[in-house]
There are 2 protein chains.
Amino acid sequence: MSRPGGSAQQRDTPVLTERGGVRKAAILEAALRVIGDKGLAGLSMRAIAAEAGLPLGALGYYFKTKDDLILEAFELHTRREADRVLAAFAGVENGDHADDIAEHLTAFIHHGLTEARTSLVAEYEFLIESTRRPDLARVSRAWRQALQIQVGHVASRLGSDDPETDSEIILAVIAGLEIDHLSTPLDPSTTQAIRTALRRTITRLGLRGNAARH
Amino acid sequence: MSRPGGSAQQRDTPVLTERGGVRKAAILEAALRVIGDKGLAGLSMRAIAAEAGLPLGALGYYFKTKDDLILEAFELHTRREADRVLAAFAGVENGDHADDIAEHLTAFIHHGLTEARTSLVAEYEFLIESTRRPDLARVSRAWRQALQIQVGHVASRLGSDDPETDSEIILAVIAGLEIDHLSTPLDPSTTQAIRTALRRTITRLGLRGNAARH
DNA sequence: TTGGAACTGGAACGAACGTACCACTCGGTT
DNA sequence: AACCGAGTGGTACGTTCGTTCCAGTTCCAA
């Protein structure tokens with residue numbers, strides 16, 4: 001039996017829209033959804049196949065094992081999320097006040113806790129599983145490092161006198177607020193509490209837009 | 001077939017050291033260990049029985065279903081952890097400088113990431129699963145609320161002008177630092193980064209011991 | 001000492017699991 | 001037209017799962 005990767009799929013980042021590759025992408029998307037709302041504990045090959053509307057046999061063709069599928073799904077998620085985070089912080093750099101910065105971060109977290117909740121839950125499923133699987137841990141580390149560098153640059157532009165520590169704090173606050181509010185339905189007062197916490201954090205760290213001007 | 005709870009086990013918080021109750025406690029302890037190092041996905045009744053050194057049949061006697069067992073294990077964990085957190089912050093109140101406070105928190109996180117790593121991983125497994133199970137979510141909410149109140153009191157004593165927000169920030173930073181460093185082996189430089197982040201957070205929030213004296 | 005409830009542990013059930021298999025269809029090259 | 005590898009999908013294997021059952025044992029009250 002032949003496996004994909006022998007011809008066009010051979011490059012490091014396979015194009016997923018070629019013949020057959022569409023299915024591979026659909027499988028990974030389905031897996032991310034299932035992980036988000038049933039957890040890794042509820043993730044079965046059959047559940048993925050059903051979610052993707054594909055026969056069970058298709059999964060074995062594109063992925064050697066379930067663990068391989070999980071790894072590729074995680075990689076896909078981090079690739080996608082990197083863009084989202086980058087976009088969120090790109091808007092920040094042009095902000096004039098600490099409140100504007102906090103507002104961007106509030107919107108980012110709010111989106112994760114509402115429309116993108118499934119995706120956010122999947123992310124933490126992966127992070128926890130990373131403590132047990134070295135292959136996932138490598139992805140986590142690379143992902144976290146990229147984040148910290150990006151946020152560090154932003155902090156630098158906002159006038160931080162210790163960008164490395166500030167990015168560590170900001171990333172921790174974001175992750176912590178997400179985790180702490182995941183098991184609660186997100187009502188307006190909670191969103192306000194998150195906004196207040198972010199404002200105070202940004203303000204007290206002395207971060208403000210256009211710091212390079214004066 | 002009779003179930004426990006018909007006699008001495010009937011009270012709300014059953015004493016686990018009575019006849020047979022020793023076994024129930026052993027099962028919950030075993031479950032917490034298995035969840036910590038195999039995850040909820042790797043948690044099976046057989047794995048718990050093996051970890052506890054008990055026959056499979058024993059589990060069905062003390063717990064109606066696997067989900068019941070998981071719920072009780074979570075409750076046990078939060079009860080235990082509440083004491084630990086309380087102790088960590090009790091030491092804080094007598095500290096004189098922001099650095100002392102940060103040091104307490106650093107030690108707390110360090111302990112979680114090293115000796116108590118299994119327990120910490122289990123905690124986040126529970127938190128994520130809480131997004132899917134209302135019964136676990138209730139425990140999470142109560143647990144988080146208790147934490148915030150306690151930390152709020154501490155922040156108050158340390159001179160905070162907004163204890164509620166400060167406790168939200170501090171809890172988020174702690175959770176975030178834990179999550180962000182779970183998939184990486186904890187080396188001394190990482191510990192130092194955590195300490196630095198905590199010092200800066202506490203300092204910038206204007207928290208200091210003996211604030212009531214001045 | 002006897003009765004009954006609490007407790008034990010091994011065996012067994014049907015269901016769901018990951019994976020492998022294979023006859024089949026399709027598209028492009030020779 | 002003949003061919004071959006890529007892609008397909010239904011089936012089936014062996015394993016592990018949660019749960020149930022029950023004959024047997026231990027303990028305490030009567």
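A note on names: the letters A, B, ... follow the listed sequences, proteins ahead of strands, and every chain is numbered from 1.
Atom P of nucleotide D:dT19 and atom NZ of B:Lys66 are separated by 8 Å, given to the nearest angstrom. In this structure, A:Leu59 places its CG atom 14 Å from C1' of D:dG10, rounding to the nearest Å. Spacing between atom CG of B:Asp68 and atom P of D:dG18 amounts to 14 Å, rounded to whole angstrom units. With rounding to whole Å, B:Ile27 atom CD1 is found 11 Å from C:dG9 atom P. Spacing between atom CG of A:Asp67 and atom P of C:dC17 amounts to 16 Å, rounded to whole angstrom units. In this structure, the NZ atom of A:Lys38 is 12 Å from the C1' atom of C:dA16, given to the nearest Å.
The stretch residues 40-56 of chain B touches DNA chain C through B:Arg46, B:Pro55, each having a heavy atom within less than 4.0 Å of the strand.
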Derivation of the side chain to side chain contact (heavy atoms under 4.5 Å, CB included) call for B:Leu105 and B:Val173: CA-CA 10 Å; B:Leu105 298 185; B:Val173 168; over 6 Å; no

Evaluation steps, side chain to side chain contact (heavy atoms under 4.5 Å, CB included), between A:Val85 and A:Gln150: CA-CA 9 Å; A:Val85 173; A:Gln150 285 299 330; 5.9 Å; no

Chi angles and distances behind the side chain to side chain donor-acceptor pair (under 3.5 Å) call for A:His111, A:Arg84: CA-CA 11 Å; A:His111 179 262; A:Arg84 208 170 77 80; 3.0 Å; yes

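The environment of CD in B:Gln192 is crowded: more than 12 heavy-atom neighbours from other residues, nucleotides or ligands sit within 6.0 Å.
Side-chain N/O atoms of B:Tyr61 include none lying less than 4.0 angstrom from OP1 or OP2 on D:dT20. Phosphate contact (OP1/OP2 of C:dT8, side-chain N/O of B:Arg23, threshold under 4.0 Å): present.
Separating the CD1 atom in B:Ile169 from the CG atom in A:Leu177 is a distance of 8.5 Å, to the nearest 0.5 Å.
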Report, one line per pair, each donor and acceptor closer than 3.5 Å where one atom sits in a side chain of residues 37-48 of chain B; sequence neighbours left out.
residue : atom : partner : partner atom : Å
B:Ser44 : OG   : B:Ala47 : N            : 3.0

